[in-house]
Amino acid sequence: MPVEFLGIAATGDGSETTPRTTAAFDADYTLRLARAHEDHGWDRVLFAYGAGAPEPAAAAAFLASKLDRLQILLAHRPNVSHPTFAAKTFATLDRISNGRLTVHFITGGNNHEQRREGDYLTKDERYERTREYIGIVKKAWTSHEPFDHEGAHYRFEDFVSDVFPVQQPRPGVSFGGSSEAAYAAGGAEADIYCLWGEPLARTAEQIEKVRQAARAAGRTDTPRIQAAFRPILGATEELAWEKAHRTVAAIKDRRAGGDLLRRRAAADGPENTGSQRLIEIAEAGERYDRALWTPTAAATGGAGNSNALVGTPETVAEALLDYYDLGVDIISARGYDHIDDAIDFGRYVIPIVREEVAKRDAAKAATRAAARERDRHQLIAAQA
């Protein structure tokens, strides 16, 4: 299967290493960054969600009206709207973008962050709600007849939407998490299951858990797998590692100065399993496999997508191909200088990975064709 690349649709120019100089939503910057992705081989960009941040669906609609090819991954938290309203919002955005929308449903791994917008459910209750929410959204996207619903978290009667997605039967559903509850919910409902970048062996374990959860839910298919990294590139290995150490120093400086206070983990560590795993991996070692480097994750307290891949474009591409060979066919990559890093990754890494994936896929197709031909000859010989 061809590999896909997901970048970031930041609406301002700040990152973990540099303070923002734009407004929280800067239309010019948002469009410049998106064009950098579209012009350099990326498939889609993520509009992330955060309490107090610009509303991502509106930002995505702005972008969809300006660009014709770039696809959109829209992050959404079920606590912020009723699922029937969300289904209409997503269907309208799929219309605006002419079928370029995928929705990433976020259950929420931090109680403090959830409570900023009035969500006081426990983590297990949030997963239960998310699963119910996704089911309602899917039905609203596809049902042309009124329907009722009465569940643990939502109840309504006689709903039918008047706006339906361009994509048939519906847009894709993306989901992430590293807990057993996450595997169960995402394994049942997701078209794409998202993981943060971990060592290869641990990534393989998570992929198997997702597949097991899908089978347990009665599915005959399995979610596609996405893995997220922070690439740090250099023309030589030495330059890449110098840049990596400068990056970590900049993250630490910003945290020490209080600039990243709102992103900071709780004093006793993060609540969500994914961040706990990142910290555990960082404590066990700094370098894994070809190029995985954990000090960036350690410096942020395991905050989200934070493990780096460090090296020349060739080294980072080979590392990504190792993940592709495990079953990862969607690569999420985000640098620390959004525009320049998106351009460099698109110019120097994406072409290598695409070329090598095409070779792998061609070799697999040739092997399958040879096997079919062998079976055909064996059948003819048996019948002679």
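The nearest pair of heavy atoms linking C194 to S174 is SG-OG, 3.1 Å. The two residues Y193 and G176 come nearest to each other via the heavy atoms OH-C, 4.1 Å. Heavy atoms only, all atoms of each residue included: L73 and V103 are closest at CD1-C, 4.2 Å. In terms of heavy atoms, L70 sits closest to W42 at CD1-O, 3.8 Å. Considering every non-hydrogen atom in both H338 and I8, the closest pair reads ND1-CG2, 3.9 Å.
Contact of the H149 side chain with the R155 side chain is not registered, since no non-hydrogen atoms from C-beta on lie closer than 4.5 Å. You'll find the side chain of H37 reaches within 4.5 Å of the side chain of L33, heavy atoms only. Within the 4.5 Å cutoff, the side chain of R224 has heavy atoms near those of the E4 side chain. The closest side-chain heavy-atom distance from D289 to Y323 is below 4.5 Å. The closest side-chain heavy-atom distance from T312 to Y348 is not below 4.5 Å. For the pair T18/D337, no side-chain contact is recorded, criterion being any heavy-atom separation below 4.5 Å from C-beta on. Residues L101 and P165 form no side-chain contact, since every pair of their non-hydrogen atoms from C-beta on lies 4.5 Å or further apart. A 4.5 Å side-chain heavy-atom check between R35 and L31 finds at least one atom pair inside the cut-off.
With hydrogens and angles left out, the side-chain atoms of Y183 and Q206 include a donor and acceptor closer than 3.5 Å. Under 3.5 Å, the side chains of T102 and Q71 contain no donor-acceptor pair of N or O atoms. No side-chain donor from either of E271 and H112 sits under 3.5 Å from a side-chain acceptor of the other. A side-chain donor-acceptor contact under 3.5 Å links N111 and R126.
To the nearest 0.5 angstrom, L292 atom CG is 8.0 Å from L200 atom CG. Atom CG of L74 is separated from atom OG1 of T89 by 9.0 Å, given to the nearest 0.5 angstrom. Note that the OG1 atom of T294 and the CD1 atom of I279 stand 11.0 Å from one another [nearest 0.5 Å]. Note: L63 CG to T11 OG1 = 11.0 Å, rounded to the nearest 0.5 Å. From S81, atom OG reaches atom NZ of K88 across 10.5 Å, with rounding to the nearest 0.5 Å.
For the ring-ring contact (aromatic ring centres under 6.0 Å, His included) criterion with H76, the lone passing option out of F175, Y49, Y133 is Y133. Of the residues V210, I192, D191, the one that meets the side-chain contact (heavy atoms from CB on, under 4.5 Å) test with P223 is V210.
Electrostatic pairing of E132 and R129 does not count as a salt bridge here, judged by no charged N lying under 4.0 Å from a carboxylate O. Ion pairing of E205 with R202 is absent here, as no side-chain N (NZ or NE/NH1/NH2) approaches a carboxylate O to less than 4.0 Å. At a threshold of 4.0 Å, the pair D26-R32 does not count as salt-bridged, since none of the basic side-chain nitrogens sits closer than that to a carboxylate oxygen. R255 and E16 are not joined by a salt bridge, as no carboxylate oxygen comes within less than 4.0 angstrom of a charged side-chain nitrogen. Using a 4.0 Å cut-off between a side-chain N of Lys or Arg and a carboxylate O of Asp or Glu, E208 and R215 qualify as a salt bridge. Looking at E373 and R376, a side-chain N of the basic residue comes within less than 4.0 Å of a carboxylate O on the acidic one, giving a salt bridge.
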Could you walk me through whether K359 and E356 satisfy the salt bridge (charged side-chain N to carboxylate O under 4.0 Å, His left out) test, starting with their C-alpha distance in whole Å, then the side-chain angles of each, then the deciding distance to 0.1 Å, before giving a yes or no? CA-CA 5 Å; K359 290 179 182 177; E356 290 303 316; 3.3 Å; yes
Evaluate I207 against V328 for side chain to side chain contact (heavy atoms under 4.5 Å, CB included), listing each step before the verdict. CA-CA 9 Å; I207 292 173; V328 175; 4.1 Å; yes
Might you work through the side chain to side chain contact (heavy atoms under 4.5 Å, CB included) test for V137 and F105, ending with a clear yes or no? CA-CA 11 Å; V137 169; F105 290 91; 4.3 Å; yes
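Under the ring-ring contact (aromatic ring centres under 6.0 Å, His included) criterion, H82 pairs with Y154, F156, not counting sequence neighbours. Residues passing the side chain to side chain contact (heavy atoms under 4.5 Å, CB included) test with T122, sequence neighbours excluded: D124, E125.
A 6.0 Å sphere centred on NZ of K252 holds no more than 12 heavy atoms belonging to other residues, nucleotides or ligands.
A ring-centre distance under 6.0 Å is found for F164 and H144.
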